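Below you'll find the structure, written out as structure tokens, and then a few comments.
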Amino acid sequence: MADDGSEGATIEELLVESRVFPPSPAFRSDALVTDRSLYDQAAVDVNRFWEQQAHALDWFRPWDTTCAWEPPFARWFDGGTLNASWNCLDRHVAGGLGDRVAYYWEGESGETRTITYAQLLDEVQRFANVLKSLGVRRGDRVAMYMPMIPELPVAMLACARIGAPHIVVFGGFSSDALRSRIVDSGSRVVVTADGGWRRGAPVMLKQHVDAAIEGTDVEHAVVVRRLGDLAPGGAVAMSAGRDLWYHELMASAEAECPPEHMDAEDLLFLLHTSGTTARPKGIMHTTGGYLTQAAFTHRYVFDLHPERDVYWCTADIGWVTGHSYIVYGPLANAATSVMYEGTPDFPDKDRWWDIVERYKVTILYTAPTAIRTFMKWGTSYLSRHDLTSLRLLGSVGEPINPEAWVWYWKEVGGGTCPVVDTWWQTETGAILISPLPGVTDCKPGSATFPLPGIGAEVVDDHGNPVEHGGGYLTLTQPWPAMLRGIYGDPERYHETYWSRFPGRYFAGDGAKIDEDGYLWLLGRVDDVMNISGHRVSTTEVESALVDHPSVAESAVVGATDATTGQAIVAFVTLRSGESAGDNLGTRLRQHVADKIGPIARPKSIVFTDDLPKTRSGKIMRRLLRDVAEGRALGDTTTLADASVVDEIRRRSQAAPAED
Ligand code: WT7
């Protein structure tokens with residue numbers, strides 16, 4: 001984090017966005033919440049508020065203590081026992097919802113499966129018995145490395161049923177990444193598939209598993225047959241005794257498996273966050289608090305009417321978004337979800353809109369990177385389809401630029417759907433900062449306010465709350481779904497999140513608070529630029545660029561500069577049909593200066609077809625800094641497409657700096 005010694009210096013507030021979008025009367029007429037009562041209840045007695053939310057779940061035994069807080073360690077609903085799979089399945093089936101669809105699954109190549117709650121419960125119980133037959137006991141960890149197929153939520157819920165924490169590893173990660181997570185968690189069983197499909201080509205997951213588990217404690221790999229004979233070279237190799245086919249084990253599995261009574265604080269799962277350089281952190285999430293808050297936020301942030309909504313979260317289950325908002329939140333709320341295996345551009349760039357139309361999706365939850373990609377592709381792909389079933393849109397993963405927000409609202413939502421920008425992290429387990437769609441007047445680009453029960457404050461370098469202006473986003477009180485630690489490393493937990501501002505959780509994000517109290521996320525503080533002693537947020541300059549009608553997406557970095565300390569270098573992709581001619585670079589630099597001030601005028605602009613992103617869609621500014629400063633590239637292993645940086649390097653050498 002930059003420290004230029006200036007008193008209380010934080011991050012300058014430059015971009016001012018004044019458009020306001022209140023919920024429409026039509027939306028409000030049918031919304032779950034239209035007044036401030038939840039905020040008021042939480043303000044009066046926060047523990048009582050969370051108790052009420054926990055009562056939405058089924059408990060085998062009620063808890064004794066709502067929250068025990070010994071900073072930085074919290075325990076929620078201590079003494080209570082419950083089971084997550086029971087709450088996601090059995091109680092709905094017992095309540096007469098067995099025939100409700102849990103998932104409409106669509107494979108990339110077009111095949112479909114419809115899975116009801118009764119069918120899901122049946123499959124989960126059988127697989128729970130399979131795991132037991134392989135020696136998995138309560139407390140044992142089980143790793144998963146799978147494509148987006150229904151067997152992934154089945155395996156997760158089967159683990160939850162028998163009290164075995166799951167460790168889902170995103171199927172796009174390398175065998176090294178898989179191996180380190182297996183070793184860190186001490187998993188002895190891995191659930192995988194012979195492969196998956198991506199843009200029509202097979203992805204050879206099983207080969208990665210073979211490489212990853214060599215020499216580890218893994219005793220068994222359970223393999224779902226997804227490619228079958230379509231695997232290159234015929235069916236994949238199975239190591240006798242170690243590797244077992246899912247369908248063979250399931251064929252002889254017992255149908256009934258009673259759920260374990262888990263303590264509220266028993267581990268439900270580990271999910272590793274891949275910090276850019278350091279060893280991945282195994283983020284610990286426990287059962288009662290996590291499920292309470294995942295269900296609460298899923299219901300109220302998305303205004304869920306489970307009896308009629310069709311909800312689609314486009315994330316991969318390998319990320320926390322998929323854990324909380326494809327699996328646990330929606331299933332705990334008896335929602336009907338769409339689950340899609342593939343990419344948005346296969347076979348064509350209208351695939352998502354085709355899915356929305358066919359399943360009559362009402363709630364769509366996606367990421368700014370996808371929205372900006374659709375902006376780049378243009379609206380013709382949207383206009384091929386009837387999107388009028390949509391009634392609510394969500395965004396997560398990065399700050400959403402105001403222009404992208406408005407585009408999403410207008411082009412995808414037809415100007416009638418509220419857009420909820422939801423801020424949270426793997427560590428927070430659930431959404432913490434977001435509008436309530438029937439209550440909050442939205443400003444495009446702002447995640448607005450902390451949800452009921454959440455204490456969030458922006459502070460300056462000294463940890464003093466900032467009433468208006470930029471600073472660091474901190475959380476002031478424990479919340480039920482918060483991480484319980486880093487697996488095996490309590491010191492690192494303290495050091496990473498609780499030491500920068502004593503008594504507060506530091507999220508690592510910059511944020512500003514405007515004169516109406518709205519929160520605006522400004523990106524990771526490691527990315528903040530220092531221009532002549534002014535701390536400028538990359539997000540604000542990027543949003544000013546995206547505000548220009550020719551620009552689809554941009555990434556901005558500070559490169560060392562002899563005069564100003566750092567100088568702004570902007571990487572820009574254009575909307576389809578636009579070209580970089582006619583001094584566009586100069587005009588864009590001026591546009592930024594007009595929009596947010598001369599201090600933020602980029603020194604140079606590099607036009608490129610693509611930006612380097614992680615597999616979860618976050619722009620890797622670190623690599624762009626390497627490019628801008630002419631350095632050798634740092635670690636590129638988490639890049640989705642490694643060729644992108646070479647192309648950018650070529651173009652940036654050709655782009656002269658302007659003054
Ligand atoms: C980081 C957490 C949350 C699930 C997916 C990412 C950034 C996330 C927003 C948002 C601005 C956001 C933050 C955060 N982020 N949502 N709505 N506005 N920034 O989980 O991989 O743990 O990343 O994503 O920088 O710290 P994650």
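For ligands, and for the atoms within them, numbers begin at 1 and follow the listed sequence. Please read these numbers as outputs of a predicted model, since none were measured by experiment.
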Task: Aromatic ring pairing Trp50/Trp76, orientation class (parallel under 30°, perpendicular over 60°, tilted between) - done: perpendicular
Task: Pairing of Lys613 and Glu553 as salt bridge, 4.0 angstrom limit - done: yes
Open item on the list: Applying salt bridge (charged side-chain N to carboxylate O under 4.0 Å, His left out) as the test, list every pair that has at least one member in residues 282-291; sequence neighbours left out.
Closed with: none
Task: salt bridge (charged side-chain N to carboxylate O under 4.0 Å, His left out) partners of residues 166-177, not counting sequence neighbours, each pair once - done: none
- [ ] Could you tell me how the ring of Trp377 sits relative to the ring of Phe374: parallel (under 30°), tilted (30 to 60°) or perpendicular (over 60°)?
- [x] perpendicular
Contact table, ligand 1 N/O with protein N/O, distance under 3.5 Å:
from     : atom 1 : to     : atom 2 : distance (Å)
ligand 1 : 15 (N) : Gly397 : O      : 3.3
ligand 1 : 16 (N) : Gly397 : N      : 3.1
ligand 1 : 17 (N) : Asp421 : OD1    : 2.7
ligand 1 : 17 (N) : Thr422 : O      : 2.8
ligand 1 : 18 (N) : Glu398 : O      : 3.3
ligand 1 : 19 (N) : Pro399 : N      : 3.4
ligand 1 : 22 (O) : Thr426 : N      : 2.8
ligand 1 : 22 (O) : Thr426 : OG1    : 2.6
ligand 1 : 23 (O) : Lys618 : NZ     : 3.2
ligand 1 : 24 (O) : Gly397 : O      : 3.2
ligand 1 : 24 (O) : Lys618 : NZ     : 3.0
ligand 1 : 25 (O) : Asp509 : OD1    : 2.8
ligand 1 : 25 (O) : Asp509 : OD2    : 3.1
ligand 1 : 26 (O) : Gln425 : NE2    : 2.8
ligand 1 : 26 (O) : Asp509 : OD1    : 3.2
ligand 1 : 26 (O) : Asp509 : OD2    : 2.9
ligand 1 : 26 (O) : Arg524 : NH1    : 2.8

- [ ] Just grab all the salt bridge (charged side-chain N to carboxylate O under 4.0 Å, His left out) pairs involving residues 435-447, residues at least two apart or on different chains.
- [x] Lys443-Asp514, Lys443-Asp516
